[in-house]
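Worksheet: one structure, shown below.
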Number of protein chains: 2
Amino acid sequence: MGLSERQQKIYEFISKFTRDKGRPPTIREIGGHVGISSTSVVNYNLNILAREGLIQREKEVSRGLRVVGQQAKQLLGEIATVQIPLLGKIAAGSPIPLPTEGMTKWDGEMVALTRELIPNEEGLFALQVKGDSMIDALINDGDVVVMKKQEAADNGEMCAVWLKDKNETTLKRIYREKNRVKLQPMNPTMKPFYADARDVRIQGKVMLVVRQLQKLPA
Amino acid sequence: MGLSERQQKIYEFISKFTRDKGRPPTIREIGGHVGISSTSVVNYNLNILAREGLIQREKEVSRGLRVVGQQAKQLLGEIATVQIPLLGKIAAGSPIPLPTEGMTKWDGEMVALTRELIPNEEGLFALQVKGDSMIDALINDGDVVVMKKQEAADNGEMCAVWLKDKNETTLKRIYREKNRVKLQPMNPTMKPFYADARDVRIQGKVMLVVRQLQKLPA
DNA sequence: CTTGACACAGAACAGGTGTTCATGGTATAA
DNA sequence: TTATACCATGAACACCTGTTCTGTGTCAAG
């Protein structure tokens with residue numbers, strides 16, 4: 001069922017007001033901004049919006065309004081986001097910075113991602129790649145890699161591994177064999193590489209890679 | 001200056017209440033849940049929280065509270081997000097789906113990203129890559145590519161181009177020369193490729209690439 | 001001890017706020 | 001015409017809500 005022009009204005013006002021002020025408007029605030037002198041008219045139209053499922057009302061509660069529905073999240077910016085600490089840069093040959101145990105609060109840069117992408121932020125941290133050393137992992141200069149700190153990994157998982165004999169960190173898919181480890185580059189056209197199990201140390205699992213091609217205007 | 005235990009409880013309650021109910025609590029609601037019978041005591045502590053910059057108060061307004069500060073966004077999930085329509089899959093050889101003019105509303109799948117990554121969603125759409133055909137663009141099977149629809153591009157920009165003679169779409173960095181176009185794969189170790197300017201048709205600019213390594217548990 | 005800052009309790013007040021009622025206009029269908 | 005649903009107006013009521021005032025107790029500095 002279609003909404004009257006008045007109802008649309010009311011709905012839009014509620015959305016805007018809630019987003020701007022951090023709280024829903026009162027009936028009289030709605031009336032004042034939409035051009036309705038009577039509170040009962042606003043109340044009447046609010047009930048219609050509630051019936052249409054566009055808002056929720058809580059009875060006998062001041063500002064007991066709430067915008068709901070699919071657009072609401074977008075409208076209010078209410079989609080759950082996750083903050084991940086950006087621990088630093090990662091370059092070829094250098095050991096990657098790992099989160100320390102006592103690191104509860106990180107006051108440096110953070111990367112915000114939607115929970116749609118990252119359901120669980122536990123043990124997660126982000127690194128920005130410097131240089132072309134990870135091209136064979138399909139990761140370019142400037143890419144941001146989100147990793148989960150862990151020292152074990154299932155076969156086939158993409159991991160950051162420290163190669164003791166080569167003294168460098170690479171990102172590879174990992175497959176354990178008897179007493180060696182198969183390290184498969186992410187690029188499926190490339191050949192795998194084998195290393196002694198004792199020389200391989202898993203530092204974390206790669207969860208997500210974000211590549212931003214266009215830099216933002218500052 | 002440190003907060004008393006009571007003030008911490010109040011602050012946490014305000015955050016939780018606002019997130020859950022979509023509106024800030026009243027003074028009496030705070031008192032009731034924190035175990036304070038007097039409204040003036042709550043008011044007293046709220047003023048302290050306001051002085052410490054943890055909340056903002058609006059005078060003589062019901063529920064005139066607002067959690068502010070860095071953690072607030074995280075706490076309330078208030079970080080601005082952008083919704084981008086996921087138009088479909090893109091495979092080797094097939095033309096990529098482009099947004100049509102009259103496409104104002106898209107009822108299909110959407111990709112949510114933070115505005116930190118995508119400042120302006122105008123003309124943006126997302127595609128999921130199927131297959132390994134874009135390996136030389138450092139894009140893998142399953143990656144999500146966010147593009148902006150446009151037919152022109154500055155030199156060096158990463159674009160989706162339609163090659164008329166080869167009858168396929170590829171992602172390349174584009175450099176216009178006299179009457180030919182240099183198409184440079186994103187992989188810097190690969191050699192560029194030249195095409196006749198008339199055979200090249202720009203379909204859009206690549207803004208962002210997201211690669212999700214670990215699939216979410218459904 | 002006195003003073004003052006701090007934290008708290010209780011009560012009262014004025015205005016804000018959701019709700020409800022009586023009323024009336026307008027359009028459409030019977 | 002009558003009936004009915006819809007939309008709107010204005011007013012009144014009861015409760016909610018922020019504010020303010022008085023008073024009490026504690027604790028450290030003077």
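Labels below follow one simple rule: chain letters A, B, ... track the order of the sequence lines, proteins then strands, and each chain is numbered from 1. Below, each value reflects all heavy atoms present in this structure, side chains not excepted, and no hydrogens, waters or symmetry copies.
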- Taking atom CZ of B:Arg198 as the centre, does the number of heavy atoms from other residues, nucleotides or ligands within less than 6.0 Å exceed 12? no
- Message: Are the side chains of B:Arg211 and A:Asp143 in contact, using a 4.5 Å heavy-atom criterion?
- Response: no
- To the nearest 0.5 Å, atom CZ of A:Arg57 lies from atom CG of A:Leu46 at 4.5 Å
- Task: Would you jot down, in residue-number order, the residues of residues 31-43 of chain A having a non-hydrogen atom under 4.0 Å from DNA chain C?
- Result: A:Thr39, A:Ser40, A:Asn43
- Query: Which two nucleotides bound the region of DNA chain C that has atoms under 4.0 Å from heavy atoms of chain A, read 5' to 3'?
  - Reply: C:dT17 to C:dC21
- Message: A:Gln56: which residues meet the side-chain contact (heavy atoms from CB on, under 4.5 Å) condition with it, sequence neighbours left out?
- Response: A:Arg66, A:Val68
- Query: Mind checking which nucleotides bracket the chain A contacts on DNA chain D, 5' to 3', with an atom under 4.0 Å from a heavy atom?
  - Reply: D:dC6 to D:dT17
- Output for pair (B:Gln7 CD, B:Asn47 CG), nearest 0.5 Å, gives 10.5 Å
- Output for pair (B:Lys205 NZ, B:Met158 CE), nearest 0.5 Å, gives 13.0 Å
- Message: Going by the rule salt bridge (Lys or Arg N to Asp or Glu O under 4.0 Å), which residues pair with A:Glu58 if we only count those two or more places apart in sequence or in a different chain?
- Response: B:Arg23
- Message: Under 4.0 Å, counting only non-hydrogen atoms across every strand here, what does A:Ile48 touch: a base, just sugar-phosphate, or nothing?
- Response: sugar-phosphate
- Message: On DNA chain D, does the nearest nucleotide to A:Asn45 precede the nearest nucleotide to B:Pro25 from the 5' side, or the other way round? Give the residue.
- Response: A:Asn45
- Item | All side-chain contact (heavy atoms from CB on, under 4.5 Å) counterparts of A:Arg28, not counting sequence neighbours | A:Thr26, A:Thr39
- Decide yes or no on side chain to side chain contact (heavy atoms under 4.5 Å, CB included) for A:Val145 and A:Val129, but give the supporting numbers first. CA-CA 7 Å; A:Val145 180; A:Val129 174; 3.8 Å; yes
- Message: Could you tell me if the side chain of B:Ile30 sits less than 4.5 Å from the side chain of B:Ile36, heavy atoms only?
- Response: no
